[in-house]
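Every chain is numbered from 1 and lettered A, B, ... according to where its sequence line falls, protein lines coming before strand lines. Since this is a predicted model, take the numbers as computed values, not measurements.
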Protein chains: 2
Amino acid sequence: MSINIYDIAKKAGVSAATVSRVINNKPHVREETKRNILNIISSMNYTPNALARNLSTGNTLNIGFLIPDIENPFFSQLLRGLTNASERYGYNIFLYGTDDSIEKEHRFFRSVKAERLSGIIVIPIDANNAESCKRLLEFEKAGVPVVLIDRGLKNCRLNGVFSEDFNGSYAAVDCLLQEGHRRIATIKGPENSRPGNERWLGYLAALEKWNIKPEERYIRQGNFHEELAYELMHSLMEQSEPPTAIFSSNNMTSLGCLHYITEKGLILGGDISMIGFDDMDILKCMNIKLSVVDRDVYSMGWNAIELLTKRLAELSNKDKNEISCRQEIFVPTKLILRGSEKWRG
Amino acid sequence: MSINIYDIAKKAGVSAATVSRVINNKPHVREETKRNILNIISSMNYTPNALARNLSTGNTLNIGFLIPDIENPFFSQLLRGLTNASERYGYNIFLYGTDDSIEKEHRFFRSVKAERLSGIIVIPIDANNAESCKRLLEFEKAGVPVVLIDRGLKNCRLNGVFSEDFNGSYAAVDCLLQEGHRRIATIKGPENSRPGNERWLGYLAALEKWNIKPEERYIRQGNFHEELAYELMHSLMEQSEPPTAIFSSNNMTSLGCLHYITEKGLILGGDISMIGFDDMDILKCMNIKLSVVDRDVYSMGWNAIELLTKRLAELSNKDKNEISCRQEIFVPTKLILRGSEKWRG
DNA sequence: TTGTAGGCGTTATCAG
DNA sequence: CTGATAACGCCTACAA
């Protein structure tokens with residue numbers, strides 16, 4: 001096959017053990033021996049076999065990432081944070097696209113085990129899926145740390161990086177109320193998603209603060225996708241007393257709303273007001289002054305890797321047998337006002 | 001550590017070899033023995049260690065994917081095609097985000113070798129980079145097939161999946177000419193990119209067909225990113241005799257153009273005409289009738305995996321020692337007219 | 001049909 | 001500071 005550690009050893013007139021020490025920057029090697037070996041390594045263009053090393057150490061630097069919808073720009077941004085951070089920390093990323101299919105999600109769990117990944121970062125598809133929850137807890141117990149991002153799992157206490165969905169949503173709806181709106185509609189996220197639920201609770205809480213009863217006619221069950229949101233906008237707007245403002249629960253939903261709004265030629269912040277969750281670069285290009293609840297998505301990805309790194313470090317210091325703290329990180333949200341929240345502006 | 005093939009063997013009262021045969025679906029195992037082993041495997045929740053297997057067979061089912069700009073929706077779509085196809089064929093994807101940094105690209109090549117990936121799919125950053133070319137050819141020679149996507153490398157004959165950039169661009173510009181435009185500007189892609197160059201040649205060829213001389217004042221050097229395109233639009237439009245139509249060489253560039261156009265309140269297909277390369281879902285939502293050169297990006301990703309699969313199969317049939325054909329697949333483009341090409345519409 | 005034994009390329013533990 | 005040698009978990013001739 002390809003050139004191995006013995007070839008180097010032979011050439012250098014030493015044993016494989018010494019070469020191994022050099023490769024791994026271990027102490028107790030004479031400076032000269034080291035230099036010589038290093039030279040031979042580079043001149044023979046030798047690259048240690050990671051498979052063999054991992055097998056021997058029982059520890060890969062590979063981490064798995066399960067992502068439900070690769071084309072959603074939110075996830076792309078996350079992915080960039082993740083890949084950058086994992087490069088920084090020396091991990092390889094195994095990418096698994098689950099495409100919103102729970103079967104795929106489960107299939108990938110098997111892969112994770114087979115490949116002996118040292119950690120996984122998961123955006124679970126269904127917060128209520130007991131099987132996923134079980135499998136993930138098994139990983140944790142087996143010493144494979146799990147970090148959730150954005151979405152969570154019900155009754156499944158794991159590490160995770162989330163955002164302040166409740167606060168963000170509350171602030172957005174509160175803002176609309178301050179603007180004078182009283183008929184505020186929302187298109188909810190999927191019921192089995194933590195962010196969807198939190199944002200819904202934020203909506204309710206803001207209404208309650210202002211002593212306003214939530215009304216069925218202004219509430220729609222969305223699925224975080226554009227098509228449905230677009231349809232729901234029709235049913236929201238084409239009723240006798242339509243809402244004066246919309247709170248949309250994610251970026252795709254906002255697109256659906258905007259689709260309807262631009263199609264009807266409505267003026268944002270004039271004919272209809274709106275605040276969406278999650279910013280999109282595209283809005284700027286299109287000169288669309290949509291107010292949004294923003295958060296640092298890139299850093300969510302980065303934080304997830306750091307959290308994982310920390311957990312992995314704790315696991316390798318098993319000698320102290322510390323009980324490590326579970327951590328949930330909540331990235332703050334920020335309300336960015338661009339005018340679409342205005343009433344009859 | 002975790003449970004291994006010997007544990008299963010002991011429990012089943014057979015040797016590890018027999019268990020191995022069962023795991024790999026090899027013949028010459030009594031049906032009953034097989035059933036029994038399978039039962040034990042599932043009851044003990046055993047998953048074979050892929051690292052050990054790969055080390056032993058010298059063949060991983062892992063393939064690397066180098067992508068320059070994860071947040072570009074074109075690449076997201078590609079990524080979806082790739083992940084779906086690789087799941088279908090049983091590969092794992094190692095994702096490497098190069099972020100347009102040639103150093104990262106080279107660093108990842110090292111990783112590819114260390115991890116003994118069985119193939120790589122690359123979107124090279126710089127078509128003129130000799131080092132990348134050299135490394136990729138080395139991989140090919142070492143039996144690690146390489147498939148390029150979209151972008152290529154100069155003087156580096158490798159397998160690849162591209163699209164009919166020249167034809168697409170030619171058709172777009174020809175269409176603008178048919179509409180009566182004579183002052184057609186273009187914002188070019190990077191000079192070191194194959195698609196950028198092909199699309200530029202298509203532009204020139206179309207002009208030539210109509211006997212029109214390309215004019216410096218209507219040509220700008222872009223970089224496939226939005227910001228620069230936006231700036232270049234200023235310099236294009238704010239001259240004494242501005243162009244009447246724009247041909248934009250990729251999706252991000254189109255965004256930059258649209259940014260300018262919407263900001264100035266220009267009417268697409270009225271005040272200014274335009275055709276872009278690559279469609280974007282977003283356009284529909286924003287009700288923007290941009291005509292585009294479209295291609296099936298998802299299938300480009302899928303095709304890349306299929307090409308790789310074929311090459312891998314050929315390599316394993318080394319006994320025949322066939323010289324396998326290098327393949328370049330060119331996905332067709334399609335001009336989608338939505339009105340923005342019209343003149344004084 | 002099944003078992004034995006050696007090898008894949010490293011690392012790690014002891015000795016020296 | 002360096003070298004044998006035994007793992008790591010699986011596959012695969014070859015033998016039985």
Side-chain angles (χ1 to χ4, degrees), chain A residues 1-38 40-41 44-62 113-118 142-143 316 318-319, chain B residues 1-38 40-41 44-62 111 113-118 142-143 316 319:
Chain A
M1 209 104 357
S2 81
I3 166 174
N4 65 25
I5 203 170
Y6 284 100
D7 300 323
I8 303 294
K10 201 189 299 173
K11 199 108 179 178
V14 297
S15 79
T18 304
V19 177
S20 175
R21 287 194 190 90
V22 171
I23 291 172
N24 297 292
N25 248 316
K26 298 246 165 121
H28 309 307
V29 180
R30 204 176 4 135
E31 199 48 45
E32 197 192 318
T33 318
K34 185 171 174 178
R35 245 198 313 278
N36 183 234
I37 291 178
L38 248 22
I40 294 179
I41 285 180
M44 296 187 72
N45 197 19
Y46 162 72
T47 311
N49 184 327
L51 295 167
R53 165 183 294 167
N54 295 339
L55 179 61
S56 177
T57 61
N59 171 34
T60 71
L61 278 176
N62 303 334
K113 189 176 171 196
E115 301 294 336
R116 302 301 194 264
L117 302 188
S118 42
S316 67
K318 254 299 190 12
D319 41 334
Chain B
M1 211 112 345
S2 84
I3 166 173
N4 65 25
I5 204 171
Y6 285 100
D7 300 323
I8 303 294
K10 200 190 297 173
K11 199 108 179 177
V14 297
S15 79
T18 304
V19 177
S20 173
R21 289 194 190 89
V22 171
I23 290 172
N24 297 294
N25 249 316
K26 298 250 162 117
H28 310 306
V29 180
R30 195 160 26 116
E31 198 49 45
E32 198 191 317
T33 318
K34 184 171 174 177
R35 246 198 312 277
N36 183 235
I37 291 177
L38 248 22
I40 294 179
I41 284 180
M44 296 187 70
N45 196 20
Y46 164 71
T47 310
N49 184 328
L51 294 168
R53 166 183 293 164
N54 295 340
L55 179 60
S56 174
T57 61
N59 171 34
T60 72
L61 278 177
N62 302 334
S111 216
K113 188 175 173 199
E115 301 295 334
R116 301 303 193 262
L117 301 188
S118 43
S316 67
D319 41 333

Find the distance Ile8(B):CD1 to dT2(C):P and express it as a whole number of Å. 17 Å
Sorted by number, residues from residues 27-37 of chain B placing a heavy atom under 4.0 Å from DNA chain D are none
End axis versus end axis in the helix from dT1(C)-dA16(D) to dG16(C)-dC1(D), the angle rounded to 10°, five pairs used at each terminus: 40°
Could you check how far CD1 of Ile41(A) sits from C1' of dG9(C), rounded to whole Å? 14 Å
Asn62(B): partners by side-chain hydrogen bond (donor to acceptor under 3.5 Å, both in side chains), with sequence neighbours left out: Asn92(B)
Working for side chain to side chain contact (heavy atoms under 4.5 Å, CB included), residues Asn49(B) and Leu55(A): CA-CA 9 Å; Asn49(B) 184 328; Leu55(A) 179 61; 4.1 Å; yes
Separation between CG of Asn24(A) and CZ of Arg53(A), rounded to the nearest 0.5 Å: 5.0 Å
Asn54(A): what forms a side-chain hydrogen bond (donor to acceptor under 3.5 Å, both in side chains) with it, not counting sequence neighbours? none
Pairs touching residues 19-34 of chain A that satisfy salt bridge (Lys or Arg N to Asp or Glu O under 4.0 Å), sequence neighbours left out: Arg30(A)-Glu32(A)
With sequence neighbours left out, the residues meeting side-chain contact (heavy atoms from CB on, under 4.5 Å) with Ser118(A) are Asn59(A), Thr60(A), Ile63(A), Leu312(A)
Test side-chain hydrogen bond (donor to acceptor under 3.5 Å, both in side chains) applied to Thr33(B) - qualifying residues, sequence neighbours left out: none
CG of Leu51(B) versus P of dT11(C): gap in Å, rounded? 14 Å
Mind checking side-chain contact (heavy atoms from CB on, under 4.5 Å) for Ile8(A) and listing every partner two or more places apart, or none if nothing turns up? Ile3(A), Val19(A), Ile37(A), Ile40(A), Ile41(A), Met44(A), Tyr46(A)
Distance check needed: dT10(C) C1' versus Asn54(A) CG, whole Å only. 10 Å
Per-nucleotide protein contact string for nucleotides 10-15 of chain D, where B marks a base within reach and S marks sugar-phosphate only (heavy atoms under 4.0 Å, - for neither): BSB---
Quickly work out the Leu55(A) CG to dA6(D) P distance and round it to whole Å. 17 Å
Give the table of side-chain donor-acceptor pairs shorter than 3.5 Å for residues 11-18 of chain B, with sequence neighbours excluded, one pair per line with atom names and distance.
residue	atom	partner	partner atom	Å
Ser15(B)	OG	Ala17(B)	N	3.3

With distance as the sole test, does Asp7(B) use its side chain to make a donor-acceptor pair with the main-chain N or O of Lys10(B) at under 3.5 Å? no
For Leu61(B), which residues count as a side-chain contact (heavy atoms from CB on, under 4.5 Å) partner, sequence neighbours excluded? Tyr91(B)
